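Presented below is the structure to which this report refers.
Being a predicted model, the structure only gives us computed values, none of them experimental. In what follows, chains carry the letters A, B, and so on, assigned in the order in which the sequence lines appear, proteins first and then strands, with residues in each chain numbered from 1.
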2 protein chains.
Amino acid sequence: MLTGDTTMELTDRQREVLRAIIQDYILSAEPVGSRSVARKYGFRMSPATIRNIMADLADLGYLVQPHTSAGRVPTDLGYRFYVDSLIERPSLTRAEESRIEKRFRPVWGKGEDLMREVTKLLSGLSRSVGVVLAPRVDQVAIKRIEFVHLSAERILVILITKSGQVDHRVVTLDEVISQDELNKTAKLLNSLVEGMPLSRVREFLVEKMAEEKAMYDALLRRALEVGHKSFVGPTEGEVYIDGTTNMMRQPEFADIEKMRLIFVAFEEKSKLVKILDQCLAQEGLTTIIGSENILREWQRLSLVTAPYWCGDDLLGTLGVIGPTRMEYGKIIPLVDFTAKLFSQYLTEEAS
Amino acid sequence: MLTGDTTMELTDRQREVLRAIIQDYILSAEPVGSRSVARKYGFRMSPATIRNIMADLADLGYLVQPHTSAGRVPTDLGYRFYVDSLIERPSLTRAEESRIEKRFRPVWGKGEDLMREVTKLLSGLSRSVGVVLAPRVDQVAIKRIEFVHLSAERILVILITKSGQVDHRVVTLDEVISQDELNKTAKLLNSLVEGMPLSRVREFLVEKMAEEKAMYDALLRRALEVGHKSFVGPTEGEVYIDGTTNMMRQPEFADIEKMRLIFVAFEEKSKLVKILDQCLAQEGLTTIIGSENILREWQRLSLVTAPYWCGDDLLGTLGVIGPTRMEYGKIIPLVDFTAKLFSQYLTEEAS
DNA sequence: ACTTAGCACTCTCATCCTAAGAGTGCTAAC
DNA sequence: GTTAGCACTCTTAGGATGAGAGTGCTAAGT
């Protein structure tokens, strides 16, 4: 996966030809021949010369032939090199940016739908699959906790984060508690944990409970217990996905069984969460190309992701999934810009 | 679509043959010939006799031939007649029911995930697409309203229904209100509207505002205004869907473009909501077969749905979507039973 | 009058063949 | 180092063919 060495080994001409081939293939989805490279890209070389270069590039592992005497197709390594060193248009034009902003603006302030709309935006503009990994409720500072009495022993716990997310869960308690008592409990608990992320709250409650072994204060004791009960168990990352049907347009997925396996993986969100979590750890724009993906079903797909923030808090990841033959030149800046825009919005919101 | 008349015109033998053909086709997905009907179903008739009967059934519109001299395939009318008058096994066996109950049980009490899990259950057991139309927040009695201060003029409105659903939205107010004032406002509003469905609340607030034109009570005035602002705008029905990939296994969707159109409709949930809303109006188990569907993209699909309740309140619909060639004999009782089980659970919960 | 055997006929589908086309690698000349 | 020329390979589209499945009709049987 390290290509830093080989970079030096390529001559300018080789790089030009490789770029031409990859760009052509991205658009046509068909093996590229020496003839069309010579013609379309106006090199001052004959097809024969280009054939020699292509043979070299194939030896280096950047290209393959689907069968003897067909045109060349980029390998995953080829795409990787393209993305790392050859790509053109590393950023959007001002016009494109304002077009995205315009589409983004009306979505603002729509609460929960926000994530869904950003996902749609990504899939729409990329004509691929858009994904957004929503902020883990554990990681974001809590603004408020509410308890609502449901039945004798069951209460509804509502969590509101500083970023405006709302999460809720039903908890069964051992004892019967009235709504009035619940309110008091909530008030106390709020004063204790406000501003902490949930992950911290869990530790905090355990510490506090140990500390206050004597438990003179009945209210405090109950607050700690109820809080503890409410917040155990991991919160799973939620992921939004849209535009999966765009994938069906791609000629590489004419085989319906291949298609099905990919869609099964889309449906099983937990796998997607796992991969996006990995991207989150990278703390920057990440590209996963084809076989670099740990998920076998997706080794014909590529992923471009970027994290988004609320102030200094890393919240989640958003990105685009498409065939390895995706338009990296357009999609990378799109994802990058969208993540920045989204971060900016969230940061402004929270203030 | 009315088949009541023609029912009488069919002889017992014709009915038997039609049933055999449809059942065979449901399993094989291939045109059924006279020969195999005679063989597999052990009628004491020769293929020639059956051919005559099949010709009659084709004349009546229950069967068609994909091409001259191929076997017969049921029409939508044929399926309709099958479902209305021929179907075997109108209910599940005790063993099957307890198997469903067993799968259903561990899901209980998981709050929001409940809907998602029921959807999975439906798709898993039917090996088709499961759908659940979640209760409209408008229609269900409200248990509690909360306001949380987000930024200067923006507040988060949280609605909790008696059935334990939680809905939230962000509202921008004209004036700055502190959290403390918000709490008072919420308390007042709760006392006014508790137990009403949201649809009623909207009317109520308008009435009340008109009534109290003088508006002596500043707190009441503000409560009404904030409430009004919070609850305008229709709440859209949410729909859960799972198992879409099962559709890709069906031989009738080998054509990827047909497939794509169906999936686009899955992705656009609003259309699905529209159809399920229609089913809801029927107040009983509903089957929509092929061309009976108003959605053109889905005219090769069938839908089996049943409403679910919380006590006497009609909450939503759940069901299964599959190819017209679906196993109605299994899926109808499955949907029916699942809806009853779900209703029973929700009713017990609410008490 | 209903049933059935027999038969000619139709239509699909898989298989095979062929020719065209695109592209390569190699060699030899520039 | 570059390029024209050429033989070779491999895919693909377009017929042609024959087997197989199934029908509808007719005439004989019950």
Side-chain angles (χ1 to χ4, degrees), chain A residues 9-18 20-25 27-75 78 251-252 254-255, chain B residues 9-18 20-25 27-75 78 251-252 254-255:
Chain A
E9 293 172 13
L10 288 195
T11 65
D12 280 356
R13 249 185 17 184
Q14 284 175 317
R15 296 164 60 95
E16 288 305 315
V17 171
L18 183 55
I21 291 172
I22 292 182
Q23 286 181 351
D24 196 76
Y25 184 71
L27 293 181
S28 71
E30 265 163 27
V32 185
S34 55
R35 200 186 166 69
S36 55
V37 174
R39 191 162 22 82
K40 284 188 208 160
Y41 295 86
F43 294 132
R44 297 191 327 269
M45 296 175 274
S46 75
T49 312
I50 290 173
R51 274 206 290 281
N52 288 330
I53 298 173
M54 283 165 80
D56 293 344
L57 290 169
D59 285 344
L60 289 168
Y62 296 129
L63 299 174
V64 278
Q65 293 173 284
H67 45 264
T68 335
S69 102
R72 295 304 206 298
V73 166
T75 60
E252 37 263 85
D255 177 355
Chain B
E9 293 172 11
L10 287 194
T11 66
D12 279 357
R13 249 184 17 181
Q14 284 175 315
R15 296 165 59 95
E16 288 305 316
V17 170
L18 183 55
I21 291 172
I22 293 182
Q23 285 179 352
D24 196 77
Y25 184 71
L27 294 181
S28 72
E30 267 163 24
V32 185
S34 55
R35 200 186 166 70
S36 54
V37 175
R39 191 159 25 79
K40 285 187 205 159
Y41 295 85
F43 294 132
R44 297 191 329 268
M45 295 175 273
S46 77
T49 311
I50 289 172
R51 275 206 289 280
N52 289 331
I53 298 172
M54 282 165 80
D56 293 345
L57 290 170
D59 285 344
L60 289 167
Y62 296 129
L63 300 175
V64 279
Q65 293 174 283
H67 44 263
T68 337
S69 100
R72 295 305 205 296
V73 165
T75 60
E252 38 264 84
D255 177 355

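Here the side chain of S36(A) pairs no donor or acceptor atom with the backbone of V32(A) at under 3.5 angstrom.
Atom CG of D59(A) sits in a crowded spot, with more than 12 heavy atoms from other residues, nucleotides or ligands closer than 6.0 Å.
Side chains of L10(B) and L57(B) form a contact here, defined as non-hydrogen atoms less than 4.5 Å apart. Counting heavy atoms from C-beta on, the side chains of Y62(A) and I21(A) never come closer than 4.5 Å.
Atom CD1 of I53(A) is separated from atom CZ of R13(A) by 4.0 Å, given to the nearest 0.5 angstrom.
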Go along nucleotides 9-30 of chain C 5' to 3' and tag each nucleotide: B for a protein heavy atom under 4.0 Å from its base, S when only backbone or sugar atoms are that close, - otherwise. -BSS----------BBBB----

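In this structure, I50(B) atom CD1 and dA5(C) atom P are separated by 12 Å, rounded to whole Å.
Contact annotation: T49(B) side-chain N/O to dT4(C) OP1/OP2 distance is under 4.0 Å.
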